[in-house]
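A short worksheet on the structure shown next.
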Amino acid sequence: MLIRLTEEEKADYCARLALHMKRLRAITGFTQDDLESLCGISKERISRIENGAYPMRWAQFICFMMIFCQYTSTKEYMVVTKLLTPRLLQFLQMRDSQVPPDLVIPISKAIVNEFNTDFRISSSLSLEHPFQQK
């Protein structure tokens, strides 16, 4: 059966991404103007989302994820901070709940050491991924 996210799960993913938006922009070097031109979401709305004055909507979440998942550095950050979870990847890739998502992301030793994180879960994931590395 394909993964289906509940409205509560979607709201949780949106809220968690909003908390990390400034950091993700810093990692990519994007300004709010850059995201505005890439997503079609106004700079003012992005600012309000980042500052907690406006709740992110699911369509906005998907747009931001499409941008941030194009870069190894932001994918790495999203895995470490659990913004990008196996369940979310299964949903985005329209996977059956029994089929692991596709994701390849090199995790640097510095990140592993900094977060003291065990990345063995990645060994259960496929070696191919749908996003172009930049």
Side-chain angles (χ1 to χ4, degrees):
M1 169 157 294
L2 291 179
I3 292 289
R4 300 279 186 227
L5 298 180
T6 66
E7 291 305 313
E8 293 80 19
E9 286 176 302
K10 290 177 181 180
D12 181 59
Y13 279 117
C14 288
R16 288 191 291 154
L17 180 59
L19 292 173
H20 293 270
M21 286 285 294
K22 289 179 185 176
R23 179 70 179 134
L24 288 164
R25 280 194 310 100
I27 291 169
T28 59
F30 287 152
T31 65
Q32 290 175 343
D33 289 323
D34 295 330
L35 282 184
E36 178 180 39
S37 66
L38 290 167
C39 289
I41 300 168
S42 75
K43 176 181 155 181
E44 293 77 19
R45 180 63 46 94
I46 293 168
S47 176
R48 295 186 72 205
I49 288 170
E50 288 181 351
N51 292 310
Y54 180 85
M56 183 183 297
R57 295 182 184 201
W58 185 246
Q60 295 164 333
F61 173 87
I62 295 296
C63 184
F64 293 135
M65 291 299 286
M66 293 294 293
I67 291 167
F68 293 132
C69 282
Q70 292 183 45
Y71 301 91
T72 299
S73 57
T74 49
K75 281 192 289 189
E76 183 178 69
Y77 177 84
M78 289 189 295
V79 167
V80 168
T81 59
K82 298 186 177 24
L83 290 169
L84 194 55
T85 65
R87 181 167 170 77
L88 177 60
L89 282 169
Q90 285 173 309
F91 172 80
L92 294 172
Q93 296 171 2
M94 299 182 72
R95 296 293 175 126
D96 184 276
S97 60
Q98 302 303 311
V99 178
D102 289 332
L103 176 70
V104 169
I105 177 168
I107 305 291
S108 68
K109 289 187 187 245
I111 292 293
V112 172
N113 292 338
E114 180 180 344
F115 287 93
N116 194 20
T117 304
D118 183 357
F119 288 101
R120 281 181 279 167
I121 188 171
S122 64
S123 66
S124 69
L125 305 178
S126 170
L127 295 178
E128 296 181 20
H129 66 89
F131 301 114
Q132 178 182 1
Q133 298 272 337
K134 291 192 178 182

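- To the nearest 0.5 Å, atom CZ of residue Arg87 and atom CG of residue Leu92 are 11.5 Å apart.
- Distance CZ/Arg25 to CG/Leu35: 6.5 Å, rounded to 0.5 Å.
- Using a 4.5 Å heavy-atom cutoff, the side chains of Phe68 and Ile27 are not in contact.
- Gln60 pairs by the side chain to side chain donor-acceptor pair (under 3.5 Å) definition with nothing, not counting sequence neighbours.
- Looking at Arg23 and Thr81, their side chains never come closer than 4.5 Å, going by heavy atoms from C-beta outward.
- With sequence neighbours excluded, no residue forms a salt bridge (Lys or Arg N to Asp or Glu O under 4.0 Å) with Arg57.
- When side chains are defined from C-beta on, Tyr13 does not count as touching Met65, because their heavy atoms never get closer than 4.5 Å.
- Here the closest non-hydrogen pair linking Gly29 and Asp34 is O-OD2, 3.9 Å.
- Residue pairs satisfying the salt bridge (charged side-chain N to carboxylate O under 4.0 Å, His left out) criterion with at least one member in residues 11-21, sequence neighbours excluded, are listed as follows: Asp12-Arg16.
- Atom CE of Met56 is separated from atom CD1 of Ile46 by 9.0 Å, given to the nearest 0.5 angstrom.
- The two residues Arg4 and Phe91 have their closest heavy-atom pair at CA-CD1, 4.4 Å.
- Residues passing the side chain to side chain donor-acceptor pair (under 3.5 Å) test with Arg48: none are found, sequence neighbours excluded.
- Placement of Leu17 and Met66 within a single hydrophobic cluster is found when ILVMFWY residues are connected by side-chain heavy-atom separations under 4.5 Å, directly or transitively.
- For the atom pair CG (Leu24) and CG (Leu83), the distance works out to 6.5 Å, reported to the nearest 0.5 Å.
- The cluster map of Ile, Leu, Val, Met, Phe, Trp and Tyr, joined by side-chain heavy atoms under 4.5 Å apart, puts Leu38 and Ile62 in the same cluster.
- Partners of Phe61 by ring-ring contact (aromatic ring centres under 6.0 Å, His included), not counting sequence neighbours, listed by chain and number: Trp58.
- Residue Ile67 comes nearest to Cys39 through the heavy atom pair CD1-SG, 3.1 Å, listed as atom of the first residue, atom of the second, then distance.
- Checked options Arg45, Lys22, Glu50; the residue passing with Gln32 is Glu50 (criterion: side-chain hydrogen bond (donor to acceptor under 3.5 Å, both in side chains)).
- Here Lys43 pairs with Asp33 under the salt bridge (Lys or Arg N to Asp or Glu O under 4.0 Å) rule; sequence neighbours left out.
- Between Leu88 atom CG and Ile3 atom CD1 the span is 10.5 Å, to the nearest 0.5 Å.
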